[in-house]
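Both counts, for ligands and for their atoms, begin at 1 and track the order of listing.
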Amino acid sequence: MSFPKIRMRRLRRTESIRRMMRQVRLSPDDLIHPLFVQEGISEPISIPSMPKVYRLSAEQAVKDVKEVAGLGIPAVILFGIPSKKDEKGSSAYDKNGVVQDTVRRIKNELGEGIVVITDLCLCEYTSHGHCGVLKDGEVVNDETLEVLGKVAVSQAESGADIVAPSGMIDGQVKAIRDALDREGYTDTAIMAYSAKFASAFYSPFRDAADSVPQTGDRSSYQMDYSNPDEAMREIELDIEEGADIVMVKPALAYLDLIHRAKYHFKTPIAAYSVSGEYSLVKAAAEKGWVDEKKIVLEILTAVKRAGADLILTYHAKDAARWLATGK
Ligand code: PBG
C-alpha cells in the first residue's frame with residue numbers, strides 16, 4: 001500500500017501524537033558527567049576553549065558531584081591535573097594523588113549514590129604529555145602496561161567503581177584486569193576507550209587537562225579515522241581482554257562505528273562526545289547562530305539512536321535539566 005492510502009503525516013499531526021510515537025528517548029540515566037580536578041587550587045579555574053567547564057579542587061568537585069546526582073545523572077568520570085609531573089607519570093598512582101583524594105571524598109559523602117569512573121591514562125601526569133612511557137621519542141608499549149596496572153589498583157583502592165583506560169596501549173585492558181584481580185579488586189569494572197581516534201576534536205580537552213604532547217602527536221597509538229574495520233578489531237580485542245564496557249570516541253563524527261559496534265557486539269557501548277564537539281556547539285550558540293538547547297538534545301539523541309548505551313558529555317548537567325523541566 002502507498003499514497004494516498006498511506007499518509008505518514010498522520011502520526012506527526014499533534015504534539016501529543018508525536019510524543020506518543022517517539023522511539024528514542026534521551027534520559028539523564030544515559031549520561032556521564034566529566035570532571036577535571038586539579039591539585040593545589042582553591043578557586044575554580046575556567047577553561048577558555050570550553051565555556052562553563054572548570055578545573056575544580058577536590059572539595060569543589062564533591063559539591064559538583066552532589067549537584068550531578070541531584071539531577072539524576074548516574075555517573076561522573078574524573079580527570080586529574082597533578083602539581084608534579086615526571087617522565088613516567090608516577091603521580092598517577094600516588095595514594096594521595098588528586099584523583100584518589102577526590103574519589104575518597106566523593107565516596108565518603110555519596111557512597112553508592114553515584115558511580116565514580118576514573119580516567120586511566122598517563123598524559124596528564126607525564127612531563128612530555130604522552131600517554132605512556134617515552135623512549136627515544138616513542139611510547140613504549142609493554143613498560144607502560146606495568147605503570148597502568150599500578151594506576152588501576154591505586155584508583156580502585158581509593159574507591160573507583162570503574163576504571164577507564166584511555167591510552168590506546170596494546171594489552172592495557174588485560175594488564176589492568178590482571179592487576180586488579182591480583183589485588184582483590186575483582187568487582188572493579190573496566191570501561192575501555194577501545195576505538196579512540198587520533199582526533200582534532202580533543203584540542204580543548206588538552207587545555208583543560210594540561211596534556212598537550214610536548215613533541216609529536218598521538219598517531220602512533222590512537223587510531224586513524226579512516227579505518228572502520230580496525231576500530232571493530234580494537235573493540236573485539238578489548239572485549240576478549242575483559243572490558244565490561246567499550247567506547248567509541250569521538251561521538252558525532254563516528255556514529256557509523258557506534259552503530260556497527262552496537263549491533264555486532266553484546267557488550268555495552270559508551271560514546272564520548274568530546275571537548276571539540278562541545279566547543280563547536282558553545283561557540284556557535286554564543287554567537288546566536290544555533291539554539292543551544294535544541295542542538296544539544298538533537299546531538300545526544302542522535303548518539304543514542306546510533307546505538308550508544310552511555311554518553312560522556314560536557315553538556316550532561318544542562319541536558320539533564322532540560323530533560324527534567326523542558327527549560
Ligand atoms: C587522555 C584523554 C583524552 C581525552 C580523554 N582522555 C585526550 C587525548 O587523548 O589527548 C579527550 C577527551 C575530550 O576531548 O573531551 N588520554
Side-chain angles (χ1 to χ4, degrees), residues 31-37 47-55 75-82 85 89 91-92 98-99 117-126 128-134 139 144 147-148 151-152 155 160 162-170 172-173 176 190-225 234 245-254 270-283 296 299-300 303 308 310-316:
L31 307 176
I32 299 174
H33 171 71
L35 214 84
F36 298 99
V37 288
I47 300 150
S49 53
M50 298 180 73
K52 303 253 173 76
V53 177
Y54 301 89
R55 296 186 190 172
V76 294
I77 180 164
L78 300 183
F79 297 92
I81 301 137
K85 305 192 186 218
S91 57
V98 64
V99 164
I117 308 173
T118 46
D119 183 78
L120 204 176
C121 193
L122 300 184
C123 61
E124 298 105 314
Y125 302 89
T126 49
H128 45 74
H130 278 286
C131 301
V133 178
L134 204 64
V139 169
T144 301
V147 187
L148 295 178
V151 181
Q155 292 178 342
I162 303 179
V163 297
S166 64
M168 291 299 283
I169 304 299
D170 286 333
Q172 62 180 4
V173 173
I176 288 165
I190 299 176
M191 176 170 80
Y193 288 66
S194 303
K196 177 176 179 178
F197 291 86
S199 170
F201 282 101
Y202 305 153
S203 47
F205 173 94
R206 292 178 189 167
D207 293 339
D210 190 21
S211 62
V212 182
Q214 299 303 305
T215 53
D217 59 26
R218 304 207 200 290
S219 44
S220 77
Y221 42 104
Q222 297 181 349
M223 286 188 47
D224 185 322
Y225 55 73
E234 282 280 7
I245 301 169
V246 291
M247 190 198 295
V248 173
K249 179 187 173 190
L252 193 54
Y254 297 79
Y272 200 144
S273 178
V274 299
S275 56
E277 298 178 54
Y278 175 84
S279 302
L280 294 184
V281 167
K282 281 295 196 187
V296 167
I299 289 171
L300 296 178
V303 174
L310 301 164
I311 307 170
L312 297 87
T313 170
Y314 303 95
H315 298 291

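A donor-acceptor pair under 3.5 Å is formed between the side chain of S279 and the backbone N or O of S49. Here the side chain of T144 pairs a donor or acceptor atom with the backbone of V133 at under 3.5 angstrom.
Taking atom 10 (O) of ligand 1 as the reference point, the nearest protein heavy-atom neighbour is R206 NE, 2.6 Å. Here the heavy atom of the protein found nearest to atom 2 (C) of ligand 1 is K196 NZ, 3.3 Å. In terms of protein heavy atoms, atom 14 (O) of ligand 1 is closest to S275 OG, 2.7 Å.
When non-hydrogen atoms are compared, ligand 1 lies under 4.0 Å from neither the backbone nor the side chain of E124. Neither the backbone nor the side chain of Y278 comes within 4.0 Å of ligand 1, counting heavy atoms alone. When non-hydrogen atoms are compared, ligand 1 lies under 4.0 Å from the backbone of S166 as well as from its side chain. With a 4.0 Å heavy-atom cut-off, ligand 1 is reached by the side chain of C123 but not by its N, CA, C or O.
To the nearest 0.5 Å, the span separating OG on S91 from CG on L122 amounts to 9.0 Å. We find the OG-CE distance between S203 and M50 to be 10.0 Å, quoted to the nearest 0.5 Å. One distance of note links CD of E124 with CZ of R206; it measures 10.5 Å at 0.5 Å rounding. Distance check: I117 CD1 to I162 CD1 gives 4.5 Å after rounding to the nearest 0.5 Å. Distance check: D210 CG to K85 NZ gives 3.5 Å after rounding to the nearest 0.5 Å.
Of the candidates R218, M50, K249, K249 brings a heavy atom nearest to atom 6 (N) of ligand 1.
Residue-ligand proximity, Q222 to ligand 1, at heavy-atom distances under 4.0 Å covers atoms 8 (C), 9 (O). Those atoms of ligand 1 that come under 4.0 Å of a heavy atom in F79, given as number and element, are 5 (C), 6 (N). The ligand atoms of ligand 1 that sit less than 4.0 angstrom from a heavy atom of Y272 are 12 (C), 15 (O).
No heavy atom of E277 sits closer than 4.0 Å to any atom of ligand 1.
Relative orientation of the Y221 and H130 rings is perpendicular, given thresholds of 30° and 60° on the angle between their planes.
Inclusion of S211 in the set of residues having an N or O under 3.5 Å from an N or O of ligand 1 is not warranted. On a distance-only criterion, Y314 and ligand 1 share at least one N/O pair closer than 3.5 Å.
Aromatic pair F205/F36: ring centres closer than 6.0 Å.
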